[in-house]
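I have placed the structure first, in the form of structure tokens, so that the comments after it can refer back to it.
Just so you know, these numbers use all the heavy atoms, side chains as well, and skip hydrogens, waters and symmetry mates. Being a predicted model, the structure only gives us computed values, none of them experimental.
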Amino acid sequence: IEAEAKSLKNSKIDSVLVVCGEDPEYLTVDFIEETIQILKKFFSSISLEIFPLDTAAYERLVKAGASGLLVYQETYDRKLYDSLHSGPKKDFIFRLESASRAAEAGFHKIGLGVLLGLKNWIYDAAAMAVHAEWLRKKFWKTAIQFSFPRIREPGTNFKTPNPVGENELERMMLAFRIAFPSEEISISTRENCEFRNRVVSSCATMMSAASKVTPGAYSGLSNNGLGQFEIKDTREVSDICSDLKNSGLDPVMKDWDIALGF
């Protein structure tokens with residue numbers, strides 16, 4: 001973990017997102033807490049994309065130094081969600097209420113998202129907007145971040161039930177920018193560089209850069225091929241910064257600093 005952090009820091013990145021799956025034997029709250037304590041030696045802001053936890057566990061992670069939490073609902077259609085999951089993740093309500101528990105625990109920023117392609121995008125986008133509006137009213141001190149990940153075919157027999165095209169994705173992001181003028185919109189390296197360059201000029205406020213989706217890939221210590229998704233924008237951090245400057249934008253590496261105390 002420290003080797004990965006050093007490699008990222010060398011690229012001038014100062015805000016990181018820690019992603020993990022669900023493995024009760026190894027991915028414990030203690031392990032995530034220890035990971036945060038290592039990373040906060042290198043970065044000003046640390047966000048988490050992890051499995052749902054209770055409020056007390058979230059409070060531990062905030063105390064350890066995490067400032068953001070992303071828990072994507074995947075779909076707001078309860079019947080569809082139920083048909084797609086098994087095990088602990090099958091609890092739709094526990095996952096849905098993760099954002100509320102995280103806000104109560106003191107996270108500065110809560111990330112919402114749906115996995116575009118499972119359900120008709122208009123349904124899930126509208127449901128996410130209603131969820132965000134409710135959170136804004138109840139937890140007005142907490143910032144909201146929206147993400148719009150599209151399903152990328154995993155190389156198996158799985159076929160995306162409701163594919164979302166670029167035009168629909170852009171329309172959705174623009175609608176959220178109008179509806180939520182002060183909230184953060186993120187665009188990942190799932191999308192190609194031309195699309196990302198376009199939306200940061202109109203609606204997106206945060207973009208990932210030079211992402212690696214296999215454990216150990218930044219430092220080169222491991223690359224087992226078990227990637228989370230396919231990377232479409234393969235530019236280096238310096239190239240992205242250059243493109244942003246050429247568009248009249250300022251690349252800012254520091255998202256937020258927990259030392260500010262609010």
Side-chain angles (χ1 to χ4, degrees), residues 13-20 32 36 39-40 42-74 76 95-116 124-149 172-189 196 199-209 211 244 249-262:
I13 293 289
D14 198 31
S15 299
V16 293
L17 172 64
V18 179
V19 182
C20 73
I32 297 171
I36 295 168
L39 294 176
K40 71 179 183 180
F42 299 92
F43 307 106
S44 64
S45 66
I46 301 166
S47 293
L48 309 173
E49 186 179 335
I50 60 175
F51 48 90
L53 297 169
D54 60 28
T55 305
Y58 283 146
E59 288 175 345
R60 284 180 57 185
L61 301 183
V62 169
K63 186 177 181 180
S67 59
L69 181 79
L70 285 66
V71 182
Y72 299 156
Q73 192 61 27
E74 298 183 356
Y76 284 88
R95 190 174 188 87
L96 181 67
E97 294 178 347
S98 294
S100 302
R101 295 193 300 273
E104 290 171 350
F107 276 98
H108 166 70
K109 179 173 63 180
I110 305 299
L112 302 179
V114 290
L115 189 53
L116 297 170
D124 268 335
M128 183 167 66
V130 172
H131 189 190
E133 190 60 33
W134 183 86
L135 289 168
R136 288 207 309 175
K137 290 178 179 178
K138 187 171 178 62
F139 304 103
W140 55 271
K141 291 183 179 180
T142 305
I144 303 292
Q145 174 187 320
F146 297 109
S147 298
F148 301 90
M172 194 184 327
M173 295 176 69
L174 290 167
F176 270 78
R177 174 50 63 225
I178 293 169
F180 299 93
S182 61
E183 304 296 357
E184 189 173 275
I185 293 179
S186 176
I187 188 69
S188 81
T189 50
R196 290 187 357 128
V199 296
V200 295
S201 296
S202 61
C203 55
T205 55
M206 172 178 268
M207 64 195 311
S208 50
S211 300
L244 289 172
L249 300 171
D250 292 325
V252 178
M253 299 296 186
K254 189 171 185 175
D255 174 34
W256 185 79
D257 198 322
I258 200 168
L260 293 174
F262 61 81

Can you tell if the side chain of [X] reaches within under 4.5 Å of the side chain of [Y], non-hydrogen atoms only?
X: I46; Y: V18; result: yes
X: F51; Y: C20; result: yes
X: Y72; Y: L115; result: no
X: I50; Y: L61; result: yes
X: T189; Y: R196; result: yes
X: R177; Y: T205; result: yes
X: I187; Y: M173; result: yes
X: L135; Y: S100; result: yes

Margin query: Assess the residue pair M172 and F146 against the criterion (side-chain contact (heavy atoms from CB on, under 4.5 Å)); give the C-alpha distance rounded to whole Å, side-chain angles, the decisive distance to 0.1 Å, and a yes or no.
Written below: CA-CA 11 Å; M172 194 184 327; F146 297 109; over 6 Å; no
Margin query: Pair L53, R60 - check side-chain contact (heavy atoms from CB on, under 4.5 Å), show working.
Written below: CA-CA 11 Å; L53 297 169; R60 284 180 57 185; over 6 Å; no
What closest approach, in Å, do [X] and [Y] show between heavy atoms, and which atom pair accounts for it?
X: I36; Y: A64; result: CG2-O, 3.5 Å
X: P251; Y: L244; result: CB-CD1, 3.8 Å
X: A102; Y: I110; result: CB-CD1, 3.5 Å
X: S67; Y: S45; result: OG-CB, 3.9 Å
X: R136; Y: A179; result: NH2-O, 4.5 Å

Check: Where does the angle between the aromatic ring planes of F176 and F180 fall among parallel (under 30°), tilted (30 to 60°) and perpendicular (over 60°)?
Finding: parallel
Checklist line | Aromatic plane relationship, F107 with Y58 - under 30° parallel, 30 to 60° tilted, over 60° perpendicular | finding: perpendicular
Would you give the length of the straight line joining atom [atom1] of [X] to atom [atom2] of [Y], rounded to the nearest 0.5 angstrom?
X: S44; Y: L39; atom1: OG; atom2: CG; result: 12.0 Å
X: L174; Y: C203; atom1: CG; atom2: SG; result: 4.5 Å
X: E59; Y: D54; atom1: CD; atom2: CG; result: 9.0 Å
X: T142; Y: K109; atom1: OG1; atom2: NZ; result: 12.0 Å

Notebook entry, point to check: Are E104 and R101 within salt-bridge range, i.e. N to O under 4.0 Å?
Noted result: no
Check: With respect to L48, which candidate in L69, V19, L70 satisfies the side-chain contact (heavy atoms from CB on, under 4.5 Å) definition?
Finding: L69
Margin query: H131 vs L96, test: side-chain contact (heavy atoms from CB on, under 4.5 Å). Steps then yes/no.
Written below: CA-CA 9 Å; H131 189 190; L96 181 67; 3.9 Å; yes
Margin query: Between S147 and M206, does the side-chain contact (heavy atoms from CB on, under 4.5 Å) criterion hold? Intermediate values first, please.
Written below: CA-CA 10 Å; S147 298; M206 172 178 268; over 6 Å; no
